[in-house]
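What follows is a single structure, written as structure tokens, with notes after it.
A, B, ... follow the sequence lines: proteins, then strands. Residue 1 opens every chain. Treat the numbers as computed from the prediction; the structure is a model and nothing was measured.
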Number of protein chains: 2
Amino acid sequence: MKKIDILKKLRSSKLRPTKQRVEIAKFLFEREKTFHFTVESLNKLLIKKSTSKIALATIYNTVHAFKTAGHLSEVEVRGNKTYFDTNVSNHHHFYDSENSELIDIDANEIVIQKIPKAPNGKKIKNVEVFINLKN
Amino acid sequence: MKKIDILKKLRSSKLRPTKQRVEIAKFLFEREKTFHFTVESLNKLLIKKSTSKIALATIYNTVHAFKTAGHLSEVEVRGNKTYFDTNVSNHHHFYDSENSELIDIDANEIVIQKIPKAPNGKKIKNVEVFINLKN
DNA sequence: ATCTAGTTTATAATTATTCTAAAGTGAAAA
DNA sequence: TTTTCACTTTAGAATAATTATAAACTAGAT
């Protein structure tokens, strides 16, 4: 992803392209593969990569702004930290609790044959499958 | 579930049946239907129900002891609280984020036709399906 | 009845996250 | 281009869930 696309992505999300946001966006989206991270891990990586220090609160704000804008998805796994995923398409996950690692599973790699109806007046928003791993 | 079974359950789990543990166990397991709760909600309910006050730390300790002993299962949902479930059989969940409510889905109500292989030397521990609801 | 390891308790500590308020900065308008 | 101001960033405080601590208590073996 080129810089111009980063700026477009920010602007289209009504995020003013500030220095910090551009830096975070480049770090998150200028990569080939899906990237899974927690705010904590992202902060550590940004401290190493980036010249200027970015406040933790800014990382929280920006990551949540990207999530609201649909550029990141949130993945809940066992444990107390919140994971984010640069893959925002409908997909599933392996979760390896040995090393707290998430691995994407393409939506078409899992086929569900039978599914119950949503209860009383509710509708199904989406279906998430977690395949928990062991050694 | 009768009191004698509560005591058996505690002893078989190497949990000494203290007053507090018996009270918590009775509250959790002497019921017909599956019970979903957080430590916070359990604490509030116990304050109402129980004559003696039970320390929050004791509730944490006891709930985790029951979990380790296999009498409770832990369910992770979006949000920052940890839910527990008195249904310890293999099953799935509806999650209604509107009112943070979990609803059990029997294992045989969901049939998965196709599933990917576990990566590199890993094995599949279990598969959890979450059906997220909306109005 | 006594003793001891396991338990409960109040409180402190920790961890992830959000809030706050002051200082800084894009970018629209002059 | 300069001014202006709403939006941002920042450090640090506040909050919330959970875990650790250490002293007082208790179940159950002796």
Side-chain angles (χ1 to χ4, degrees), chain A residues 3-4 6-27 36-47 50-69 72 74-84 100 102, chain B residues 3-4 6-27 36-47 50-69 72 74-84 100 102:
Chain A
K3 190 175 181 183
I4 183 67
I6 292 286
L7 294 180
K8 267 186 196 163
K9 175 172 277 194
L10 286 164
R11 287 219 185 79
S12 70
S13 322
K14 289 170 188 167
L15 293 172
R16 198 185 274 182
T18 62
K19 182 159 59 74
Q20 290 87 344
R21 284 175 178 166
V22 169
E23 215 163 330
I24 294 171
K26 286 180 70 175
F27 188 80
H36 294 109
F37 62 96
T38 64
V39 171
E40 189 199 16
S41 70
L42 178 58
N43 185 38
K44 278 183 189 163
L45 291 167
L46 281 172
I47 287 170
S50 161
T51 45
S52 52
K53 197 210 168 240
I54 300 176
L56 193 57
T58 300
I59 297 176
Y60 272 99
N61 291 342
T62 307
V63 165
H64 282 130
F66 283 142
K67 186 200 155 192
T68 302
L72 291 174
E74 194 175 346
V75 186
E76 193 78 14
V77 296
R78 288 187 188 288
N80 42 351
K81 280 179 210 158
T82 301
Y83 284 73
F84 292 90
S100 301
L102 275 177
Chain B
K3 189 174 179 181
I4 182 69
I6 292 286
L7 294 180
K8 266 185 197 165
K9 175 173 275 193
L10 285 165
R11 287 217 186 80
S12 70
S13 322
K14 288 169 191 168
L15 291 172
R16 198 184 276 182
T18 62
K19 182 159 59 74
Q20 291 86 343
R21 283 176 178 165
V22 170
E23 215 164 330
I24 295 171
K26 286 179 70 177
F27 188 80
H36 293 110
F37 62 95
T38 64
V39 171
E40 188 198 15
S41 69
L42 178 58
N43 186 38
K44 279 183 188 164
L45 291 168
L46 282 172
I47 286 170
S50 162
T51 45
S52 54
K53 197 213 168 236
I54 300 176
L56 193 58
T58 299
I59 297 177
Y60 272 100
N61 290 341
T62 306
V63 164
H64 281 130
F66 283 142
K67 187 201 155 192
T68 302
L72 291 174
E74 196 175 346
V75 186
E76 192 80 14
V77 296
R78 287 187 188 289
N80 42 351
K81 280 179 208 155
T82 301
Y83 284 74
F84 292 90
S100 301
L102 276 177

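- Rounded to an integer number of Å, the gap from CD of B:Gln20 to P of C:dG6 is 17 Å.
- Distance CZ (A:Arg21) to C1' (C:dA27): 14 Å, rounded to an integer number of Å.
- For the pair B:Lys53 and C:dA10, the criterion of a side-chain N or O lying under 4.0 Å from OP1 or OP2 is met.
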For nucleotides 19-29 of chain D, give me one character per nucleotide, 5' to 3': B if any protein heavy atom sits under 4.0 Å from the base, S if the only such contacts are to the sugar-phosphate, - if neither.
BB------BS-
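- With sequence neighbours excluded, the residues forming a side-chain contact (heavy atoms from CB on, under 4.5 Å) with A:Ala69 are A:Ser13, A:His71, listed by chain and number.
- In this entry the distance linking CG of A:Leu7 with P of C:dG26 reads 13 Å, nearest Å.
- A:Thr68 meets the side-chain hydrogen bond (donor to acceptor under 3.5 Å, both in side chains) test with no other residue; sequence neighbours excluded.
- Residues passing the side-chain hydrogen bond (donor to acceptor under 3.5 Å, both in side chains) test with B:Thr18, sequence neighbours excluded: none.
- The OH atom of A:Tyr83 sits 16 Å away from the C1' atom of C:dT17 (whole-angstrom rounding).
- Under the side-chain contact (heavy atoms from CB on, under 4.5 Å) criterion, B:Lys19 pairs with B:Glu23, B:Ser52, not counting sequence neighbours.
- Residues passing the ring-ring contact (aromatic ring centres under 6.0 Å, His included) test with A:Phe84, sequence neighbours excluded: A:Phe37, A:His64.
- Within the structure, every side-chain polar atom (N or O) of B:Thr58 is placed at least 4.0 Å from both OP1 and OP2 of C:dT7.
- As a whole-Å value, the separation of B:Ile59 CD1 from C:dA10 C1' is 14 Å.
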